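Before any comments, here is the structure.
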Amino acid sequence: MKLLTVGPRWACSFFFAVTGLAYGSVMSRMPAVKAQATLSDADVGMVLLCMGLGGLCSFPLAGWTISRIGCRRTLTIASLGLILLFPCLGLVRDTFSAALLFALLGFAIGMNDVGINAGSILVEAVMRRPVISSMHALYSSGGLLGALTGSAMAALGVPPFWNFTLVALVLLCLLPLFAAQLLRDAPCVREKGERLRRPPLWVLVFGLLLLCSYSSEGSVGEWGVLLLHEVKGASEQTAALAYAAFSVSMVLMRFFGDRLREHFGDASLMRACSGLALAGMTLALVSPWPALCLAGYAFMGLGLSVTVPILFSAAGRRDDMPAGTVTAFLSMLAASGQLFIPPLIGMLGSVVGLQMAMGVVVGLCAALFVGAGVVKR
């Protein structure tokens, strides 16, 4: 019983941290990668788009693989592939190699995203209490650790290849230990002649709510700093704190999210937190003072922190679709929103101004507030 209540939880949490660490490390060394491959700003945008498209392509395959060989084996193989691919990002020399390797990175991260969310659903079902929020906190913590490590390596003048290789070697040594502790699950193989069913309506509703949450988070990361600097008149140093305030509050809240879920229930907590996110984004838009805008972003981090864990947990409680298939479909919808909504805000901003365009995020948070009731058992 101890293995079921302790080992699998932290084993799955390790794979959350691996995915966040790889992503945070690569993003923190983007200036060095850009200079090494002599990329223009347009090239970097294209490379990041390839990464997003690689992730979108991975989701159907991830769901199919989990249904065939199980979540445990899929997650282990996908993480091993991510760790081995990781150092290759430090070898890019031109636009083509950068686009190819970042597309493969997006594919590997997408495979892991589906695996870790399916694995967390299995763990929560076995433990019979909320644990998914703290696992997502490990993803955010891994990203933060990757960014800090990358910053330190850059300060020491370490090239990206050796930075990524060092991190990959550490993860490669730890992988067998944690992979052995993952829950063993049986593949869900369809019987001969059984046809694929259309996903039920609740899957689409959950996916759209996840799209709202992921898109809001991505929009803050990509446009929050510019809103403070160009619209609110904040200095570059102050504006740079926008995403930091959002991220730190999100990580801290996710560590306490499981206890709050037990105490208040998923639907009530999601409605309260999405309301807090809505108020925070509104404050960031209407306040003329940068300090209050930073507080608004911190409130957004608190509000959005539990929505993704709650929605995946609620989806896992349904028994009319396999966990791997559900997480693949939900991840695809969520990632598509994160890929396309922030650029849409940029296009709207060129027409009506950035402050008005960021009203899209207010609408997304309002949709989360209205849709919170769908997560009831």
Side-chain angles (χ1 to χ4, degrees), residues 8-30 48 51-52 54-59 61-63 65-66 71-89 101-123 131-150 163-164 167-179 181-182 210 213-214 217-218 221 247 250-251 254 305 308-309 312 324 327-328 330-332 334-335 338-339:
R9 176 183 180 179
W10 295 110
C12 192
S13 298
F14 167 78
F15 287 92
F16 272 89
V18 167
T19 310
L21 182 60
Y23 178 80
S25 297
V26 173
M27 291 300 107
S28 69
R29 301 306 307 268
M30 277 301 292
L48 294 178
M51 181 178 172
L56 284 178
C57 292
S58 71
F59 297 137
L61 178 61
T65 306
I66 290 174
C71 177
R72 183 173 184 262
R73 293 175 63 187
T74 299
L75 184 53
T76 301
I77 295 171
S79 293
L80 178 61
L82 174 60
I83 293 170
L84 294 177
L85 173 69
F86 183 30
C88 299
L89 273 296
L101 287 171
F102 271 83
L104 291 174
L105 178 68
F107 186 88
I109 289 177
M111 291 287 293
N112 277 271
D113 277 341
V114 176
I116 55 181
N117 282 306
S120 67
I121 289 173
L122 294 174
V123 171
V131 294
I132 292 182
S133 180
S134 61
M135 293 183 184
H136 279 267
L138 265 294
Y139 179 95
S140 304
S141 300
L144 180 60
L145 178 60
L148 293 176
T149 303
N163 177 180
F164 301 159
V167 175
L169 286 174
V170 174
L171 295 177
L172 198 59
C173 293
L174 295 174
L175 180 66
L177 172 65
F178 288 97
Q181 298 297 313
L182 289 172
L210 282 168
S213 183
Y214 274 87
E217 181 178 348
S247 299
M250 172 174 278
V251 173
R254 279 182 168 174
S305 61
V308 172
F312 274 113
T327 52
L330 296 181
S331 297
M332 183 183 297
Q338 195 172 21
L339 185 63

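Being a predicted model, the structure only gives us computed values, none of them experimental.
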Closest heavy-atom contact between [X] and [Y]?
X: S331; Y: F312; result: OG-CZ, 4.0 Å
X: F164; Y: P87; result: CB-CA, 3.7 Å
X: G150; Y: N163; result: CA-OD1, 3.6 Å
X: S58; Y: G106; result: OG-O, 4.4 Å
X: V114; Y: G63; result: CG1-N, 4.4 Å

Would you say [X] and [Y] make side-chain contact, with heavy atoms under 4.5 Å?
X: I109; Y: M51; value: yes
X: L80; Y: L172; value: yes
X: F16; Y: N117; value: yes
X: M135; Y: V123; value: yes
X: F14; Y: L175; value: yes
X: F86; Y: L21; value: no
X: I66; Y: L75; value: no

message: Looking at S133 and R254, would you say the former's side chain and the latter's main chain have a donor-acceptor pair under 3.5 Å?
response: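 Yes; judged by distance alone, with no hydrogens or angles, the pair exists.
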message: Using only atom types and a distance under 3.5 Å, with no angle test, would you say the side chain of T149 pairs donor to acceptor with the backbone of G146?
response: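 Answer holds: no.
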From [X] atom [atom1] to [Y] atom [atom2], the distance as rounded to the nearest 0.5 Å:
X: L84; Y: L171; atom1: CG; atom2: CG; answer: 11.0 Å
X: C173; Y: I83; atom1: SG; atom2: CD1; answer: 9.5 Å
X: N112; Y: T19; atom1: CG; atom2: OG1; answer: 4.0 Å
X: L61; Y: T74; atom1: CG; atom2: OG1; answer: 9.0 Å
X: L101; Y: L85; atom1: CG; atom2: CG; answer: 6.5 Å
X: L138; Y: C12; atom1: CG; atom2: SG; answer: 9.5 Å

query: Going by atom types only, do R9 and S134 share a side-chain donor-acceptor pair under 3.5 Å?
result: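 A donor-acceptor contact under 3.5 Å links the two side chains.
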- request: Verify side-chain contact (heavy atoms from CB on, under 4.5 Å) between V131 and S120, making sure each step is shown before the conclusion.
  value: CA-CA 8 Å; V131 294; S120 67; over 6 Å; no
- prompt: Could you walk me through whether F15 and L182 pass the side-chain contact (heavy atoms from CB on, under 4.5 Å) check?
  reply: CA-CA 10 Å; F15 287 92; L182 289 172; 3.6 Å; yes
